[in-house]
Structure formats: C-alpha cells, structure tokens
Novice: 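The structure is given below, and queries will be raised subsequently.
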Amino acid sequence: MSMSAEAKLLHPGPTVKARMSRDDWVMRGYMIAIGIYLIVALALPLYAMLSKAFETSRFDLAQFQVQVSDEAGNFNAGPVRLDEINAGLGKLPPSDLETSADGRLDLTQFFPDFSFRSPVKYRLIPSGGDAVYLVGSERFTGPEAGEFDSNTFRKVVIRPVQDFGLANFRTYFSTPALFQSIQNSLLISVISTVITVTLAFGFAYALCRSCMPFKGAFRMIAMAPILVPSLLPGIALVYMFGNQGFMKELLLGESVYGPIGIVIGSVFFTFPHAMIIILIALSISDARLYEAATALRASKWRTFWTVTIPGARYGLISAAFVVFNLVITDFGLPKVIGGQYNMLAVDIYKQVIGQQNFQMGAVVSVVLLMPALIAYIVDRQVQKKQVALLSARSVVYQPKPSARFDWLCLGYCMLVALFILTILGVCQFAALVKFWPYDLSFSLKNYDFDRMDGGGWEAYRNSIEMALLTAFIGTTIIFTGAYMVEKSRGFESGRALFQFLAMLPMAIPGMVLGLAYIFFFNDPDNPLHFIYGTMAILVICTITHFYTVSHLTAITALKQIDGEFESVAASLKQPFWRLFGKVTVPVCLPAILDIAIYMFVNAMTTVSAVVFLYSTKTALASVAVLNMDDAGDIAPAAAMGMMIFYTNVAARLAHAGLSRYVLSRTQGWRLR
Amino acid sequence: MGNPAQGGGYLGIRNLYKAFGDFYALKDISLDINQGEFVCFLGPSGCGKTTLLRAIAGLDLQTSGTIRQDGNDISNLPPTERDFGIVFQSYALFPNLSVEKNIAFGLENIGMARDAISARVRELLDLIGLPEQAKKYPAQLSGGQQQRVALARAIAMSPGLLLLDEPLSALDAKVRVHLRHEVKELQRKLGVTTIMVTHDQEEALAMADRIVVMNHGMIEQIGEPTEVYREPENLFVADFIGEMNKLPGEAAGRDSCKLGGLTLNCREHGLAKGAKAIVALRPEDVIPHEMPARKPRAASGNSVPVTIGDMEFLGSFWRTTLTGGALGDVELTAQFSINAVRRLSLKAGKDILVELPADRLRAFPAGSGQ
C-alpha cells in the first residue's frame, strides 16, 4: 500500500482530451434530450409518487400559543401553548393529530366554554413562518399574531406540518382490508404462474418437438390474447360462469367472481407471453444433445428431464417471472371479475378513484412496486444467461414424426386453442345478440356506444389516434435513442444512466406509473401541468410504459449490424445522420416495424396506466370497456373489447403486409 | 531510417500511452512513418497493434502522447477531422447499398457533380478490377471482391493515409496471397502512406516497406522485412518472425557462446561471461556437409558432427532434427533444401557435419522474449 495512486500512473504526458466533432455534439445532445424525456416522463413522476407515499401530515400544536381575553376584551392572562392546553384537557391523543395533507383542525374544541356569541376575544400567536392557519379560506402564516372575536374564531383552523416518515405504511399495515390484498395478490399470481407456465410449456413443446399439422394456425391462435385488453376474458367468464352463465354448473357452486375468475382470466391473457418465451428457449436447444442421449440409450422420459428441461430452464424461469409480474400488476381483470376479492392493483384504483385518497394510493403503489421490481430483476438476470446460451451456435432440432405423440400434441393444442377461441367467441356472440341469455336474436344495438357511458365511438377513435401517435412518436424516440446510446463515442456515464432509465419502465406497473403521473403533472406548480387531461399525456405515458421492450428490440437489431459502420462513415467525413438515414434505418426496418406494431397493439389494449389520465375529451376504448362493464353494460363492453381485437388484427395484418413489401423493396440485398 | 528522436516524416507518433484502468495497452510508443511508405504493425493478438491503429484514426483516443500528421497535431481530433481511409477485417460494407453506392458514399454530399462521382467510381472499379460488379450488393460478391470494394471506398477520396486493420485475415489462404500482391501493387501505384495491422508475419514480410514488431503494448523492433528477419534485436522478434532454434546455453567470450559441450563463435552479444543465454539460429541457416573420411571426434570451429533424426518432407524443403554427442541434450531443428538432400543423400540416421555460421548465431539473455 506504499504506492500512491499517482505513482501507479505510468504515462508521463498530460492526458489527451478528445475534441468533440459536430457529430459527437449532435448525438450527445440528442441522447441527453431523450434522457431528459425519460427523466421527466418517468423518474420525476416516480419520485413525486414515492415522496407522496412517505409524506406525512401532522398538526403540531406546539406551533401555536393562544391568549384569551376577559369579557371586556382585555388580555390579562398570558399566552398558553396549544399542546399544553390539549394535554391539560386530555382531548386529542397523538394518533388523532396525524392527518392528510388537506387536514384542518378546528381550534374551538380546545376551549370548552367557547361560545360564538361571547364577547371574549382570542389572540393566536404562531411561533414561526411554517406555522399556517386559515381564517375561512384565507391563509395566514406566522409569526404575526391574529386577534379574533368569538364569532370569527369559529372559522379559524390550523394546518398540519409536512414531514417524511413511515406513518402511512403503519396505517396501511394496520388496515386488514388493505393488508389482506398483499396475500391475495401473491397467491393469485403464484397459482396463475404455475398453471400458465405448465400449459404454455406443453403448447410450446408440441409446436417445437412434434410433427403435428396446423402449427402455424395454433401459433396464431395462441398469440391472439395479446390483442385484447386483459379485462376481456373477465367479461367472457361472466357470460360463461356468472350468475346467468351457461356453464355455471361446471364450477360446482363456486362463484366465478373472485379467485377462480381471476386465475382463469390471467391464464388467458398471460398465455402468449409465456408461450413465446418458452418456445424460443426450446427452439435454441441443441439437437446434438438429443443425438447423444439416444446414442446413450436414455429413455424418452429420462431425456426429457436431463436434456429438455435443463435446456429450457432459463426460458421457464423467465416465463414464470414475466407471468407473475403481469398478473400481480394487472388491474383490468380483477376489476371486472374479482368481486369482493381485493388485489393490490385494484386497491390503488379504489383508493384513488373511489376514495380520492391519493396518499394511500401511493402507499399501495410502493407495496406493489416491490414484488414487481424483484420479479423484474430476476428476469433480467435470467435473460442475460439465456442470451449467453444462444450465442453458442448449435444444431437445430428436427422432430421426427411419431403418430401417437403427434396426435397427443394435436389434441392438447386443440384444447388450448378451444379455450382461447371460446373466450373470444363468447364475447363476440354476446355482443351480437339482443339480450343474453334471454333473447338470442341478432342485433347491433350493443354497438351503439354513443348511448352508453364510457365515451362512445369517440373513445374508439381516440384509441386509434392514441395508438397511431404512440406507434409513430414512440418508435421514433425509442429507435433513435437506442441508436445514440449504442453508437456514440465516449460519455460512458451518461450512456449508462440512459440505459438504466430505458430499462426502468418494465419494472414499473402501469397503475403505479399512472398514479405517479397524477402526482407529477397534476401539480399546478408544474410547468408541464398544461398537458394534464390531453391526448399528449396519454401518448407520453404509453410510450414510457412500453419503452423497455421496444428499446431492447432496437438495441438487439443495432448490435447485429457491423460496429465499424460509424468508423467508416467518419473516415469518409460523412455526418452520422447520413449513415443513419441511408444505412442504419433501412437495415433495421424490420425491427422498426416490429417496435411500431408492439406500441400500437399495447396502446390499444392498455388500461392500467391511462385509467387515471384520460379526460372526458380523451376517453379511450379500453377504458370504455372497463367503464361500460362497471355500469352494467356488459354486452357493449364485450362489443368494444372485440372492436379492439379486430383493430389489432387489422393492424397486425397491415404490419405483416408492410413488412413483406418493405422487405421486397429495400431488403433485396438480404437474398443472394 | 525512422529514428523516432529526429521527428519529421509524414506521420509522427510520440510517447503514446493507452490505459484501460490499470492496464496499459500501449506503452511509450514513438514512431515515424515516411510519406508513401507501407508500414505493417505486426505482433501477437493483444499486443496493442490495433489499439495503435485506432488511436491514429482517432477512433479510440490515446491516454497521452501526441500524433502529428503532415505537420499538424491531430492528437485529439475526432475521426471526421482527420485525413485517412480505413478498411476493416469485416469489410464493413453497407449491406443495403450497391457496390457503386458504397464506393460513392464519401464522394456524395461534398459538392461533387454527379458525373464526376460516377466517373470516379468507374475509375476505382477499374482500379480494383471489378468493373462489372457496380450494381451488385455486397452479399452477392465473394470475400475477396468485397475486400477490394472496401479498399476502393477507402481510397475514393484520395486520403493521405490508408489504414488497413487485418484486411486479409477473413479470406481463404489462396485469395489472401493473391490479394496481398494486389493491395501492395495498388499502394505502390497510388503512393499513399499505408499502415496495415496484421498478426501474419508472412503477410508483413511480403508487403511492408518497414515492419513495426509489437509485443505487450511496446515496440520491440522497427525495420525493413529483411532486417527484422535477419537481424532481430531481441529474442521476441527472433522467435515471433520465422522459425528459430532456441537453445539453452551460456555466454562465453565477447562473441562466443557455449552450447552443450560446444563453444561456438557467434555474433557479439554483450552478455557477461557465464551468463545463462538462449542461443538462436534459424533452421535454414544450418549448412550440411559431407562427413569427411576421417571423422572428427569433436567440433572444430563452428562445424559440428551430428546424426540426422526423422526427416519430414514439406514440399519445397525437408525439415529434420539433429542430435549428436557434441550437442549434448540439445536438439537442433534444421531445414535442408531439396538439392542439398539429394546431393548429400541425406536420410534419417546418417551422420553428417553441419556448419552453424557464426554470423547467423546469436545469444540472447535467458528469460527474455516472452
């Protein structure tokens, strides 16, 4: 340890500082701009929400002294501190002094012989500038004293002081109704995860390892739930197993409203997410391992447990955490089918919308953030390992036909497909009949959305506008941002911070983000307050909510192109944007279109974040489904949900067509 | 000839260091490169040769030290403000642009007329011998053709300095040898100062006017190909370039050394008498002679009686190992020409006399050259 840090530096000359080129300035500036966007659209709202959750309000009686006059109006007695009066009277225990940020404390209660007709005068002496009181609605701050006659003194209230602490969390954990939700949410999420991952594994296994027919069709059907809001299966379940459900008997008297409904619906809407992750994990496993297992005469059963499962383990773990995260953060489904069964995400909604208790909403958000954050971190770690597995090039497994196994797989996949199609079909059928189950004649009256609550056709148009804006602006911001962070020189710390910000949204549940936006943008002191209640805030919120997956798609595509393109362009004295426009964007166009469709579909189906942010002018289709269901218009809710489905199907088809067209037009170089 | 202390030359590098945390990828690199010269940076992987090239290009800045090009200090300039063309091992051709668009990429956008651009592109395509391939995409070309397009793109704007980062490493052996020649021809025709990074000594010997041998971030030797091959300044260079017998011995006189039981005349070595040394001799420098009728019992001068071990036929020559009483435990590898083998009817097990020429025999301090 005798060597100082300085002595370890070998080079004698001064350190060379890079002179920045115009490109460097532009790229860095642009990256900082998007970084600031992420800070404003993500970090600051989250900070506002967190501070709200830890903010406590308490009446500090020691801040005030009161002097009471005699009937002639002479102040003979000296001033007495309010906390001493309170202690003397034994009036308010400390817990009663804890309040909300809007709390007001009436002062007359400390003077048992107070009468507003009395000629007695009161003098209120605040101790300092942070002691605040109101007379009527007029606000006064210390240390100036105020003198009031008895009639006016009635209208004097003191305001609480703000502090930071865990008081809100103590309240939360001492309220069993709220506390119970943690257990409920964890239980439902774990059960749904186990069922979904098991079912999805079987499905992916059949797609990957059998020679059954119709694989393409099964794959498409399995992906369909992504195209609808998560609350749609809830509506279907109401029709199937609800009080008038046609399959009600299957539940043997159990009610679908509650855990059963939430689990079935969760399996439906998380199935495609799990299936695709496991499918990828299975399809990268090495065929040579199976050849080795066969050569060693291992039984099929043994091969399955020693080769297949270990090979897909990262996929399985990743799928499990993704599903867990989706279920525990989902709001729409438990809202529709949860009945009295409380879940964390719904609690946030109830606290904020139902009780207007924003502070408690923030507290529940923090509680919900914990499991979501843990699941996210585990998933990230596992994904990294999976990538490492992928880069070791292996031989692709080619399944061999086996009549019995293929039939088994076909049967299984048909069952799963039947489940998915039934959910969608029931919704569509219910939307097209007059009055399920009493009058099953055909009618379009359920599509007369303008006669229902929820925003009508206007909401549908708003949704499409929002989805298009989100797809267009979001793709632009995310792809260019990913380019800057991936391809610019130097500025390592800034790039690391940007990466962190870009990865953060995935860990933030939509409800939490939406509530954070209320705290941040609805603050009148915020210069960005003007976007509150506009389409802009919905677009910003949705882009931010779905930033991470798109960012990763962009980064993956950018990593696949030669890292020396920028060096070559620089040696040819070309600005980076020429390279970006002429090479990077055309080469990455398939990935860019993927990001756009992902943004569009999610913007159409999202409920959780925007449910706090829409205004009467910017109602959305997905929120309309929720609100119509809430108002008892279940058939129109199903109809609107299916409208979202068909719109997304159309968008997907358009995306497929466009991708093919773009490929044929600009990607001719890919084919030799 | 390239004395770093003098300065001058087209490219002057002074006291360059590159640190990655505590690790130094370049240590005190000073080097001058003359106008029109073809210089190779040669060394094993991780020796810092690519780091040095990227510092010259401004792609990864050095930690300290200066670089002057054509009289200007370019030490901290961004790559766009430096004057160079570059070719990478991966070619880095823009996959979605045709060959002509690739070549024209640097010519567009600088106020050049469209006709002038296409004329220049045609000229370059002729120069690289691919006049018919203008409309094709890179993926439709062979590796060798792609590399030539990359070269054309790099020289399109007539840069003062051409940087080649292992340009031939990704090619087949045959194409590599062919292209080696073509690149050298092109460079001579254009007279552009060129730096090529390679780990292939044959490539460096065949192409370079001067070779900069690097190891562990430092320059081991700078010299013409024949110079670094024949007159290696240290054991690393001796060992890295070409084949070399490295025989454990010790220093004897000022210009002699001990090897096994032998005392041999060798080049002056500057080692203290009795110091452990590595005696180095190239296999092809071993000269075979017929064993005289009266078999000498011991070595006389630098002639040593030996026995031929297994002979290995390698096409243009034979390789064999030589052992013998006088050599002790030492085993000497030698290369004999086909002629010599025929003339002397050399075969395994035969006793012959070999001469180890004193001016080709060197002694380096033991433990060096890692």
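Letters A, B, ... are given to chains in the order of the sequence lines, protein chains preceding strands, and every chain is numbered from 1. Note that these values count all heavy atoms, side chains included, but never hydrogens, waters or copies made by symmetry.
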Novice: Identify whether the distance between the nearest side-chain nitrogen and carboxylate oxygen of Arg120(B) and Asp115(B) falls below 4.0 Å.
Specialist: no
Novice: Heavy-atom distances under 4.5 Å only: say whether Asp60(B) touches chain A with side chain, backbone, both or neither.
Specialist: neither
Novice: Taking Asp562(A), Val16(A), Asp24(A) one by one, which has the highest count of heavy-atom pairs under 4.5 Å against chain B?
Specialist: Val16(A)
Novice: Using non-hydrogen atoms and a 4.5 Å limit, figure out which bit of Ile561(A) sits close to chain B: side chain, backbone, both or neither.
Specialist: neither
Novice: Is it the side chain or the backbone of Leu61(B) that comes within 4.5 Å of chain A heavy atoms, both, or neither?
Specialist: side chain
Novice: Taking side chain as everything from C-beta outward and backbone as N, CA, C, O, which of these in Phe105(B) sits under 4.5 Å from a heavy atom of chain A? Side chain, backbone, both or neither.
Specialist: both
Novice: Can Glu81(B) and Arg22(A) be counted as an ion pair, charged N to O under 4.0 angstrom?
Specialist: no
Novice: Ile195(B) and side-chain contact (heavy atoms from CB on, under 4.5 Å): which single residue from Ile86(B), Leu52(B), Ile33(B) fits?
Specialist: Ile33(B)
Novice: Show your reasoning for whether side-chain hydrogen bond (donor to acceptor under 3.5 Å, both in side chains) applies to Gln145(B) and Tyr91(B).
Specialist: CA-CA 10 Å; Gln145(B) 288 173 325; Tyr91(B) 322 133; over 6 Å; no
Novice: What part of Leu163(B) is in contact with chain A, defined as an atom under 4.5 angstrom from a non-hydrogen atom: side chain, backbone, both or neither?
Specialist: neither
Novice: Could you walk me through whether Asp73(B) and Ser75(B) satisfy the side-chain hydrogen bond (donor to acceptor under 3.5 Å, both in side chains) test, starting with their C-alpha distance in whole Å, then the side-chain angles of each, then the deciding distance to 0.1 Å, before giving a yes or no?
Specialist: CA-CA 6 Å; Asp73(B) 187 349; Ser75(B) 306; 2.5 Å; yes
Novice: Do you know which of Lys136(B), Lys18(B), Lys101(B), Arg54(B) has the most heavy-atom pairs under 4.5 Å to chain A?
Specialist: Arg54(B)
Novice: Over 60° means perpendicular and under 30° means parallel, so tell me whether Tyr17(B) and Tyr24(B) are parallel, tilted or perpendicular.
Specialist: perpendicular
